[in-house]
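Just the heavy atoms: all of them, side chains too, but no hydrogens, waters or symmetry mates, feed the values below. Throughout, numbering of the chain's residues begins at 1 and tracks the sequence.
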Amino acid sequence: MSKPSSRKHGPGPGLVRLAIPNKGRIAGPINDLIEKSGLHLADGGERRLITRTRDPNVEILFARPIDIPEYVASGVADLGITGRDMVMERGSTVEEVLDLQTGRATLVVAVPEESGIEAVADLDGATVATEFPAITRSFFAERGVAVTIVTVGGACEATPHLGIADAIVDLSSSGTTLRTNHLRVIEEILTSTTILVANPASLATKREKIDEIVLALESVIRAKGQCYLMMNVHRSALADVREVLPGLSGPTVMDVASDENLVAVHAVVMEERVYQLINQLKRAGAKDILVMPIERIIR
C-alpha cells in the first residue's frame, strides 16, 4: 500500500472516519459491534469503500486489517479497528483508545512435531515463514538468533511441510490449526486482541465526537455476556431474594401497585449464571421472573 501523500485525502473537519476490516477473522464480530453500538450502516451494509452511517458525522472505511494502522496514522481515517498485532507489525504512530476484548490470539513460533528443534535458540541459521516479518525480525534479533525470514500471504502452517521453512511465526487462537498441520509451539511471542486506535491529531481536534463513538462501542462490550432479570417478590421474602441475587451495584427494588405487598426487583447478572439462578430465586420466593438480553450498558 502506498502511503497517502497528503492529509487532504482524509475526512473533513466535521466528519469522523472509522476504518474497519473488509474481511478476515475479526471482520464479522466488528460489523456486529458497529451495528449494536447504534452506528448502523445507512447504505444497508453494501461493501463500498466508504459507507455512511446513521450519524451524518461518522462514516465507515472498509480496508485490509494490515493497512488500517497506516490509514489512521496518515490521517486517511481518524479511527481504526484492527488487531494489536497489525499495529505492531506496521509500527504506525497511532494511539490505542479502547481494547475491544475480542479476536484474542497468540503469535507463536511453531515447528513440525517431528522436528528436533526444542527452543528458539535451536533455530539459529534456520528459515522462518510468517505473515509478520517485522515482528519476527525484531523478536529473533532480540534473542540474538540469526534466521532467514520468508514472508507469506497465507497458509503459513503449510510451509514447513512444503520444504519452504523450518519453522513458522503465526497467529493461533485455539491451536487447532497447528495441531491439524502437525505443528507444535516452542514459544509465544505476544497476545493480540482487537483494538480501537486513533490518529493523534484527530484526538485533539475531534475529541468530542471520538469520545461519543468510544462510549457507544464500550457500552456494547460492557453488556456482553450479561442479561437483565426482573421479578416480583413478596416483601417478606425480599431479604432471601437479595441474598441470592448478584448485580452490578446490588439489585434495584421498587414498590408494586398491588394488594399483595409485592416489590419489583431488577438486577443485571452474568448470562452464564441464569440457569441455576432462576431456581434459586424461585425457592427464595421470587415469581413472574423475566430474563431479557442487554445490548448496551453505559456507566
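- Around the CD atom of Glu114, the shell of radius 6.0 Å holds more than 12 heavy atoms that belong to other residues, nucleotides or ligands.
- Counting heavy atoms from C-beta outward, Leu245 and Met231 have side chains that approach closer than 4.5 Å.
- Inter-residue side-chain proximity for Glu212 and Val16 is flagged as unmet; no heavy-atom pair is nearer than 4.5 Å.
- Distance check, rounded to the nearest 0.5 Å: OG of Ser202 to CZ of Arg207 gives 11.0 Å.
- No side-chain donor-acceptor contact under 3.5 Å links Asn232 to the backbone of Lys287.
- Residues Glu157 and Thr177 bring no donor and acceptor atom of their side chains to less than 3.5 Å of each other.
- No donor-acceptor pair closer than 3.5 Å links the side chain of Asn181 to the backbone N or O of Leu183.
- Side chain of Ser92 to backbone of Ala73: no donor-acceptor contact under 3.5 angstrom is found.
- Qualifying side chain to side chain contact (heavy atoms under 4.5 Å, CB included) partners for Glu208, counting only residues two or more places apart in sequence or in other chains: none.
- Between Arg296 and Glu218 there is no salt bridge, since none of the side-chain N atoms of the basic residue sits less than 4.0 Å from a carboxylate O of the acidic one.
- Judged purely by atom type and a 3.5 angstrom limit, Ser219 uses its side chain to pair as donor or acceptor with the backbone of Ala216.
- Summarising the geometry of Pro21 relative to Ile30, their closest heavy-atom pair is CD-CD1, 3.5 Å, with the distance given to 0.1 Å.
- Judged by distance alone, the side chain of Lys23 and the main-chain N or O of Arg64 form no donor-acceptor pair under 3.5 Å.
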Salt bridge (charged side-chain N to carboxylate O under 4.0 Å, His left out), that's the test. Do Asp255 and Arg235 meet it? Break it down for me.
CA-CA 9 Å; Asp255 289 330; Arg235 196 175 295 275; 2.7 Å; yes
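- Between Asp240 and Arg283, no side-chain nitrogen of the basic residue sits less than 4.0 Å from a carboxylate oxygen of the acidic one, so the salt-bridge criterion is not met.
- The main-chain N or O of Thr102 is found under 3.5 Å from a side-chain atom of Thr194 such that the two form a donor-acceptor pair.
- Taking 4.5 Å as the limit, some side-chain heavy atom of Thr82 sits within range of a side-chain heavy atom of Pro69.
- Between Val108 and Ile189 there is no side-chain heavy-atom pair separated by less than 4.5 Å.
- Within a 6.0 Å sphere centred on CD of Glu113, other residues, nucleotides and ligands contribute more than 12 heavy atoms.
- The two atoms that bring Ile168 and Cys156 nearest to each other are CG2-O, 3.4 Å, heavy atoms only.
- Checking Ser192 against Arg84 by side-chain atom types alone, no donor-acceptor pair falls below 3.5 Å.
- In this structure, OG on Ser138 lies 10.0 Å from CD on Glu89, to the nearest 0.5 angstrom.
- Side-chain atoms of Ser74 come within 3.5 Å of backbone atoms of Glu70 as a donor-acceptor pair (strictly under, hydrogens ignored).
- Within a 6.0 Å sphere centred on CZ of Arg104, other residues, nucleotides and ligands contribute 12 heavy atoms or fewer.
- The number of heavy atoms from other shown groups lying within 6.0 Å of NZ (Lys209) is above 12.
- Looking at Asp122 and Val120, their side chains never come closer than 4.5 Å, going by heavy atoms from C-beta outward.
- No donor-acceptor pair under 3.5 Å is formed between the side chain of Glu59 and the backbone N or O of Thr53.
- In this structure, the side chains of Ile210 and Leu203 come closer than 4.5 Å at one or more pairs of heavy atoms.
- Here the side chain of His234 pairs a donor or acceptor atom with the backbone of Glu260 at under 3.5 angstrom.
- For the pairing with Thr130, the side-chain contact (heavy atoms from CB on, under 4.5 Å) check across Thr159, Ile149, Val150 returns one residue only, Ile149.
- Using a 4.5 Å heavy-atom threshold, the side chains of Phe132 and Leu171 count as touching.
- Between Ala286 and Val241, the closest heavy-atom pair is N-CG2, 4.1 Å.
- Salt bridge annotation for Arg17-Asp78: absent, with no cationic side-chain nitrogen under 4.0 angstrom from a carboxylate oxygen.
- In this structure, Thr191 contributes its side chain and Thr106 its backbone to no donor-acceptor pair below 3.5 Å.
- For Met292, the CE atom counts as loosely surrounded, since its 6.0 Å shell holds 12 or fewer non-hydrogen atoms of other residues, nucleotides or ligands.
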